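For ligands, and for the atoms within them, numbers begin at 1 and follow the listed sequence. Note that the structure is a prediction, hence the values are computed from the model and not measured.
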Amino acid sequence: MGTLSIVGTPIGNLGDITLRALETLREADVIACEDTRVTSRLLARYDIQKPLLIFHARSGKLASDRILTALAEGKRVALVTDAGTPGISDPGNELVKIVRERLGEDVRIEAIPGPSAVAAALSIAGVHSDAFTFLGFLPHKKGRQTLFKEIAESERTVVFYESPHRIEKALASLAEVLPEDRIVTVARELTKIHESLVQGQAKEVAEYFSKHTEEVRGEFVVIVSPC
Ligand code: SAM
């Protein structure tokens, strides 16, 4: 029986990898990854050499067929994505779905948990996080404004991922719709050299980034929470 291991990898700092993840990568017959350059850097750090198969949002049927064949031959396939936990706002869950549908009970799918930006951001924000709504990436156009209104109406903490191209616009939209009793936290470049956290009312956070344009780069998690 083949094994598909879903392996969490660092979200920035290459030291953030579990012993079990390293063991799994070392024992894998093949590693499926999004971007070979990103994964090669991680593997080089731990002196792991394995054949890599590309699997990403646009890699198509050929890529998934190769992985299905390896699993059907009884091989150990480790799936990693560019950062964090495969399946959290990245193509990881696509592969798991295909493998479950096509190979069912003939393959063992196991979780090798690791970091995720959503958990890392909440862990340092100091906001209500016993229960929260995670929206992943917001749509770029259709439905975006409606979602901002829903975030404003939510009494729960809401978390979403945002790119540097849209972070300022997202903060401006939040400043328009959020009531004053909401706190916005922007966690940036977590676990990396330029890690930072900016917290305050939406208007204050939006103003911060419009004054510090050099910080409008990198990777962002946005948290909207009740005071
Ligand atoms: N699977 C990943 C996870 O478990 O967090 C998320 C992958 S998603 C394609 C990438 C997005 O996650 C980035 O655009 C950013 O919003 C967020 N992200 C990833 N790494 C981050 C970091 N070091 N600091 C802040 N946000 C990060």
Are the side chain of T157 and the backbone N or O of H128 linked by a donor-acceptor pair below 3.5 Å? yes
Do any N or O atoms from the side chain of R100 and from the backbone of V107 form a donor-acceptor pair under 3.5 angstrom? no
Indicate yes or no: at least one non-hydrogen side-chain atom of E168 is less than 4.5 angstrom from one of V216. yes
Please work out, at 4.0 Å between heavy atoms, whether the side chain, the backbone, both, or neither of K192 comes within that distance of ligand 1. side chain
When you measure from [atom] to each heavy atom in [options], which option holds the nearest one?
atom                    : options             : value
atom 16 (O) of ligand 1 : F137, F220, F134    : F220
atom 8 (S) of ligand 1  : S89, G92, A119, P86 : S89
atom 6 (C) of ligand 1  : I11, T85, I88       : I88

Please confirm whether [X] comes under 4.0 Å of ligand 1, counting heavy atoms of the residue only.
X    : result
S116 : yes
V221 : yes
S163 : no

Just need the protein heavy atom nearest to [atom], so name the residue and atom and give the distance.
atom                    : result
atom 18 (N) of ligand 1 : A117 CB, 3.4 Å
atom 24 (N) of ligand 1 : L190 N, 2.9 Å
atom 20 (N) of ligand 1 : E219 OE1, 3.4 Å
atom 2 (C) of ligand 1  : A83 O, 3.1 Å

Evaluate the side chain to side chain contact (heavy atoms under 4.5 Å, CB included) criterion for residues S173 and Q145: first the C-alpha distance (whole Å), next the side-chain angles of each, then the deciding distance (0.1 Å), finally the verdict. CA-CA 8 Å; S173 300; Q145 288 314 317; 3.8 Å; yes
Verdict with supporting geometry, I88 and F134, side chain to side chain contact (heavy atoms under 4.5 Å, CB included): CA-CA 10 Å; I88 307 294; F134 176 57; 3.7 Å; yes
Please evaluate residues E195 and R188 with respect to the criterion side chain to side chain contact (heavy atoms under 4.5 Å, CB included), reporting the C-alpha separation (whole Å), side-chain torsions for both, the decisive distance (0.1 Å), and the verdict. CA-CA 6 Å; E195 171 170 333; R188 172 178 167 263; over 6 Å; no
Between ligand 1 and T81, is the shortest N or O to N or O distance under 3.5 Å? no
Atoms in ligand 1 flagged as close to D90, the criterion being non-hydrogen separation under 4.0 Å: 1 (N)
Note: ligand 1 atoms sitting under 4.0 Å from heavy atoms of E162 are 16 (O)
Does Q49, at its CD atom, have more than 12 non-hydrogen atoms belonging to other residues, nucleotides or ligands within less than 6.0 Å? no
Side-chain donor-acceptor pair present, R166, H140, cut-off under 3.5 Å: yes
Take K149 and E153 through the test salt bridge (charged side-chain N to carboxylate O under 4.0 Å, His left out) and record every step on the way to the result. CA-CA 6 Å; K149 284 191 190 122; E153 283 159 17; over 6 Å; no
